[in-house]
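Here's the structure, in C-alpha cells; my notes come after.
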2 protein chains.
Amino acid sequence: MRGRPTIYEDSNIIKKAQEVFWQKGYSATSLSDLQKATGAGAGSFYNTFKGGKKEVFQKAVQERRLAFDEFKNELNKSNSPLELIKDFFRSIAEANSNEHLKGCIIANTVVEMTFIDEDLENSAVQILKEVEQMFTEVIKKEQQKGNIKTQTSPEILGKYLITFWCGLNTLRRMYPDKNVLKDQIEMQLAVIS
Amino acid sequence: MRGRPTIYEDSNIIKKAQEVFWQKGYSATSLSDLQKATGAGAGSFYNTFKGGKKEVFQKAVQERRLAFDEFKNELNKSNSPLELIKDFFRSIAEANSNEHLKGCIIANTVVEMTFIDEDLENSAVQILKEVEQMFTEVIKKEQQKGNIKTQTSPEILGKYLITFWCGLNTLRRMYPDKNVLKDQIEMQLAVIS
DNA sequence: TTATTTTTGTAATGATCGATACATAAATAA
DNA sequence: TTATTTATGTATCGATCATTACAAAAATAA
C-alpha cells in the first residue's frame with residue numbers, strides 16, 4: 001500500500017472522541033476538544049472522517065452498540081438470561097462516581113438531540129428500542145418457562161426495564177452512591193419476578 | 001419613575017426564552033435564538049439580565065419550580081394526595097407529541113449540564129430532590145394511614161417515583177404515543193398500592 | 001425648557017466555531 | 001532515482017458565538 005503511514009488509527013480516534021462526547025454531549029464538544037483528546041490535527045481528522053464531527057459522533061454511538069451486541073450474544077448462550085439482565089443492572093451500582101455522572105451515552109443522546117439533529121436522535125432511539133426488545137424477548141421466554149410469576153405482558157415489562165434504565169441514567173447523577181443505587185436497583189428488579 | 005418605558009417585560013422574556021431552552025437545551029441555544037424568540041435585542045437583553053444567557057436559563061428553570069410549588073400546595077390541601085400524584089403521572093399520557101419530545105426541562109438539564117456547568121447542574125438536581133422528597137412524604141403518610149399495602153420504605157418508593165419520572169422523560173421520546181404511555185404509566189403506578 | 005434617567009436598537013468586539021486549503025512528510029510503485 | 005499516493009501539520013477560512021459599546025429614543029424631574 002502506498003502513501004504516508006497512518007499514525008492515528010480510526011478506532012483509536014473514535015475511542016478517544018467517545019470519551020469526550022460521553023461526558024460533554026454533542027453540542028458542547030468542540031473540534032478543538034476532539035483534537036486535544038485524540039492528538040490528531042484538523043488535517044488527519046477530516047482526512048479520516050469526511051463527515052466531520054457528526055460522523056465521529058455517529059461512530060462513537062455505534063461503537064457503544066457493539067457492547068450491547070456482545071451482551072446479547074451472552075444472553076443467547078445463557079441458561080438464566082433473566083438473571084444475567086438483573087446482574088447487569090446490579091453491576092451499575094458498583095461503578096465509580098465518574099461513570100455515574102457520565103451515565104449512558106445512548107440515553108443522553110436521546111435527551112440532547114431531540115430538536116437538534118434528527119439522524120443522531122433516531123439512531124439513539126433505535127438502539128434503545130433494540131435493548132428494550134431484548135428485554136421483552138427474554139421476559140417472554142422466562143414467563144413461558146414459568147420462571148416469572150407476574151402476568152403482566154412481556155411488552156410492558158420490557159418497556160418497564162428500558163424506562164428504568166433511562167431513569168437510572170438520571171438517578172445516578174442525583175445519587176452517585178453505591179449504597180443508594182444498590183437498594184434502588186434491587187427494589188425495581190423485584191417487580192420482575 | 002424616570003427613564004424610557006420598558007416594552008420587554010422580564011417575565012415575558014423568561015417565558016419565551018424558556019420555550020427555546022426547553023426544546024434545544026442550554027448549549028445549543030444561541031443568543032440569536034433567544035433574541036428572535038423574545039423580540040428583545042442585545043441592548044434590552046443585557047440591560048435586563050447582566051448575567052446573560054446563564055442568568056436567563058437559571059430563571060427559566062426556577063420559573064418551572066413555581067409550577068412544582070403550586071402542585072405541592074394542592075397536595076397539602078388534598079384529602080387524597082397519593083391519588084393526586086398518580087393523576088399527575090396519568091396526565092402525562094394525554095400531552096401532545098411536541099410536549100412528549102420536549103420532556104421535562106429539569107430532568108433534561110441534569111443530563112445535559114453534568115460536566116458543563118456545575119451551578120446549573122446543581123440547581124436542577126436540587127429541584128428533582130425536592131420533588132422526590134414530596135413523593136416520599138406523601139407515601140409515608142399514606143402508609144401510616146394504611147392506604148398503601150406495600151411495606152417498602154417511603155424513601156425507596158419516593159426514589160422509585162422520581163426515577164420513573166426521569167425514565168418517562170426518555171420513554172416519551174421513544175414513544176410519543178398516548179396509548180403506549182397510558183398503559184406503561186398505569187403499570188408503574190400499580191407498584192405504589 | 002432643560003437636565004437626568006432608563007430602555008432600546010445597532011454596530012462592533014474578540015473569541016471560537018466547524019471546516020477547508022495546501023504545502024510538506026513519508027511511505028510504495030515504477 | 002523519480003513519480004505517485006496518502007497522511008499530517010498548520011494556516012486560514014467565513015460564520016457564528018456571547019458580550020460590550022454607544023448613540024438615539026422616550027420617559028420624568030427640575
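Residue numbers begin at 1 in each chain, while the letters A, B, ... track the order of the sequences.
At distances below 3.5 Å, at least one donor-acceptor pair connects side-chain atoms of A:N108 with backbone N or O atoms of A:C104. Checking side-chain atoms of A:D33 against main-chain N and O of A:T29 turns up no donor-acceptor pair under 3.5 Å. Between the side chain of B:N147 and the main chain of B:Q143, no donor-acceptor pair closer than 3.5 Å is present. A side-chain donor-acceptor contact under 3.5 Å links A:Y160 to the backbone of A:Q188.
Residues that satisfy the side-chain contact (heavy atoms from CB on, under 4.5 Å) test with B:V180, not counting sequence neighbours, are A:K159, B:Y175, B:D177. Taking A:A124 as the reference, A:I106, A:T109, A:V110 meet the side-chain contact (heavy atoms from CB on, under 4.5 Å) condition, with sequence neighbours excluded. Residues satisfying the side-chain contact (heavy atoms from CB on, under 4.5 Å) test with A:E130, not counting sequence neighbours, are A:R65, A:F68, A:Q126.
In the hydrophobic cluster analysis, where Ile, Leu, Val, Met, Phe, Trp and Tyr join through side-chain heavy atoms closer than 4.5 angstrom, B:I116 is grouped apart from A:F115.
With rounding to whole Å, B:Y8 atom OH is found 14 Å from D:dA26 atom C1'. Straight-line distance from the CG atom of A:N12 to the P atom of D:dT8: 12 Å, rounded to whole Å. Rounded to a whole Å, the NZ atom of B:K50 is 19 Å from the P atom of D:dA18. Taking atom CG on B:N47 and atom C1' on D:dA26, their separation rounds to 14 Å, with Å as the unit. Going from atom CG of A:D10 over to atom P of D:dT6 covers 15 Å, rounded to whole Å. Look at NZ on A:K36: it is 15 Å from P on D:dT10, rounded to the nearest Å. At whole-Å resolution of the value, CZ in B:F49 and C1' in D:dA18 are 16 Å apart.
We find that B:E55 and B:K50 are not joined by a salt bridge, their nearest charged nitrogen and carboxylate oxygen being 4.0 Å or further apart. A salt bridge links B:K54 with B:D119: the distance from a Lys NZ or Arg NE/NH1/NH2 to an Asp or Glu carboxylate oxygen falls below 4.0 Å.
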Under 3.5 Å, which protein N or O atoms sit close to an N or O of nucleotides 16-18 of chain C? Give each pair with its distance.
unit_1: C:dC17; atom_1: OP1; unit_2: A:S30; atom_2: OG; d: 3.3
unit_1: C:dG18; atom_1: OP1; unit_2: A:T29; atom_2: O; d: 3.1
unit_1: C:dG18; atom_1: OP1; unit_2: A:K53; atom_2: NZ; d: 3.0
unit_1: C:dG18; atom_1: OP2; unit_2: A:L31; atom_2: N; d: 2.6

Under 3.5 Å, which protein N or O atoms sit close to an N or O of nucleotides 10-15 of chain C? Give each pair with its distance.
unit_1: C:dT10; atom_1: O4; unit_2: B:G43; atom_2: N; d: 3.2

Got a list of protein N/O to nucleotides 27-30 of chain C N/O distances below 3.5 Å?
unit_1: C:dT28; atom_1: O4'; unit_2: A:M1; atom_2: O; d: 3.4
unit_1: C:dA29; atom_1: O4'; unit_2: A:R2; atom_2: NH1; d: 3.3

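Geometric assessment of B:K53 against the ring of B:Y26 yields a positive cation-pi assignment under the 6.0 Å and 45° thresholds.
Residue A:F45 is classed as having no contact, given no heavy-atom separation below 4.0 Å to the nucleic acid.
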